[in-house]
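Note on naming: letters A, B, ... go to the chains in the order of the sequence lines (proteins, then strands), and numbering restarts at 1 for each one.
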Amino acid sequence: MRMTDDATLVSRARDGDADSFAELVRRYQDIARRVAAATGGVDIAEDAAQEGFVRAFGALATFRDDRAFRPWLLSIVANAARNHRRAHTRWDRARLRAVERDASVATASPEETIEARDTRRSLARAIDALPRAHREVVACRYLMDLSEQETAACLGVPTGTVKSRLARALDRLEVILRKELARD
Amino acid sequence: VTEHTDLEARLRAYGAELRDSLRTDDLSIRVVAAVRISPRPRRRLSRTVRIAIVAAAIFVLLASASYAGYRVFFVAGPVTVHTEPSPDLAIGTRLRLGAPVHLGDPRLRIPVVTPHVGWIDSAPEVWFDEAASDQVSLTLPPERALPEIGTSGVGLLIQEFDGDGREAIRKYVTTSTRTETVQIGGRPGVFLSGGEHTLFYLDTTGKYVVSPGRVVGNALIFQRGQLTIRLEGQLPRDRMLELANSLR
């Protein structure tokens with residue numbers, strides 16, 4: 001069966017067809033969750049993604065037909081996630097809770113569990129210590145495995161900026177981790 | 001260009017674990033539940049058309065006002081006009097509450113309860129929607145003890161639904177909301193603060209009905225007899241509980 005294109009679904013949704021919008025949600029829910037997690041934190045990804053879709057539906061009237069739906073949606077989800085994080089919990093706390101949970105389920109021995117947890121915690125702390133622009137680009141590209149184009153849409157910058165920002169963010173992250181290691 | 005091979009590998013491993021913790025179920029059900037109630041998105045009119053409409057409206061308003069003034073002065077002579085406060089129809093329309101009714105209106109199928117506390121002076125306005133006849137809404141205007149909720153023109157919104165909301169009290173769809181379980185008359189309720197929320201309840205035919213918050217304030221949701229009641233206001237938890245306990 002041929003898949004209906006985004007533009008047609010957007011047009012129908014704008015006329016009040018909720019089923020067409022549901023199809024768009026199903027089409028982009030996974031990437032939206034990852035964008036929300038990258039910009040707002042894993043703990044709030046679900047709520048923020050949902051909120052992003054609801055906001056996007058409300059803003060369909062302002063959507064220009066000559067633009068692609070996907071990057072437009074991702075930028076709305078990213079903003080919803082940032083607002084969500086500001087309103088609720090700090091990014092680092094959410095991240096650390098996720099780290100604790102992840103580390104507690106997966107490993108073989110108690111020693112490995114502790115080591116894995118410590119490694120993740122130091123990595124999470126170092127990411128948290130980055131400025132927001134650097135933190136988000138690292139989270140998009142490495143933690144949530146978004147492509148350069150998806151990251152650019154999420155952050156609202158050109159792909160060239162994604163590359164250069166990512167390089168600077170990794171340099172900075174190395175410095176932070178080295179300092180932390182020296183302190184320990 | 002600096003190589004960060006080891007760091008990149010660690011980040012990817014960490015990211016894989018984080019991604020595994022994300023949900024993968026169908027989000028569209030909850031999104032559609034929320035947007036079905038929302039007003040249909042409309043295309044914005046062009047600036048020129050909007051200016052033309054506003055200009056035409058001003059012209060019609062001025063013309064009719066001038067004509068009315070002329071007629072009153074020359075035909076009826078000097079007159080005193082008495083006005084009585086009437087429900088703000090804009091509130092009912094804007095919050096999608098229906099039309100204004102009085103408490104004794106025979107179309108109201110549910111036993112409506114109203115708040116009785118000493119710190120509220122105004123009487124509630126009652127709203128009824130034929131399309132949602134299992135519910136009734138009451139609004140109170142902003143006053144000293146009832147701060148306006150955002151720019152809604154409302155100080156307190158009470159919605160009473162004929163249905164079982166106990167499930168909603170245990171599990172609810174929320175966005176940007178903090179929740180706290182509370183007791184009202186010995187029965188559990190939930191106090192939501194800090195953002196939008198969506199309530200769902202089972203109506204008398206056993207179907208789920210979804211109802212988003214009409215204003216972004218705090219909300220208290222609880223079950224009382226056959227009614228599921230939601231209070232929305234810019235009030236702290238204790239004041240909301242006092243209001244809830246005073247309903248009769």
Validation row: B:Tyr14, A:Ile127 side chains within 4.5 angstrom (heavy atoms): yes

Contact origin within A:Ala48 toward chain B - heavy atom pairs under 4.5 Å: neither

Residue selection (most heavy-atom pairs with chain B, distance under 4.5 Å) from A:Ala49, A:Ala80, A:Ala22: A:Ala22

Separation between NE2 of B:His4 and CG of A:Leu177, rounded to the nearest 0.5 Å: 11.0 Å

Interface residue of largest heavy-atom contact number with chain A, from B:Leu22, B:Asp6, B:Asp20, under 4.5 Å: B:Leu22

With B:Ser28 via side-chain hydrogen bond (donor to acceptor under 3.5 Å, both in side chains) - residues at least two apart: A:Arg26, B:Asp26

Heavy-atom closest pair, residues A:Tyr142 and B:Arg19: O-NH1, 3.7 Å

Approximate separation, where rounding is to 0.5 Å, of A:Asp171 CG and B:Leu7 CG: 10.0 Å

Non-neighbouring partners of A:Arg27 that pass side-chain hydrogen bond (donor to acceptor under 3.5 Å, both in side chains), sequence neighbours left out: A:Asp6

Part of A:Leu24 within contact of chain B (heavy atom distance under 4.5 Å): neither

Residues B:Ile29, A:Val25; criterion side-chain contact (heavy atoms from CB on, under 4.5 Å); working and verdict: CA-CA 9 Å; B:Ile29 297 164; A:Val25 174; over 6 Å; no

From A:Asp30 atom CG to B:Thr24 atom OG1, the distance as rounded to the nearest 0.5 Å: 7.0 Å

Ion pair B:Arg30/A:Glu46, N-O distance below 4.0 Å: yes

Under 4.5 Å from a heavy atom of chain A, the part of B:Leu27 involved: both

Straight-line distance of B:Glu17 CD to A:Leu143 CG, nearest 0.5 Å: 11.0 Å

Stepwise side-chain contact (heavy atoms from CB on, under 4.5 Å) check, A:Gln29 with B:Val31: CA-CA 10 Å; A:Gln29 61 189 5; B:Val31 171; over 6 Å; no

Side chain / backbone / both / neither for A:Ala45 at chain B, heavy atoms under 4.5 Å: side chain

Sidechain N-carboxylate O distance under 4.0 Å for A:Arg33, B:Asp25: yes

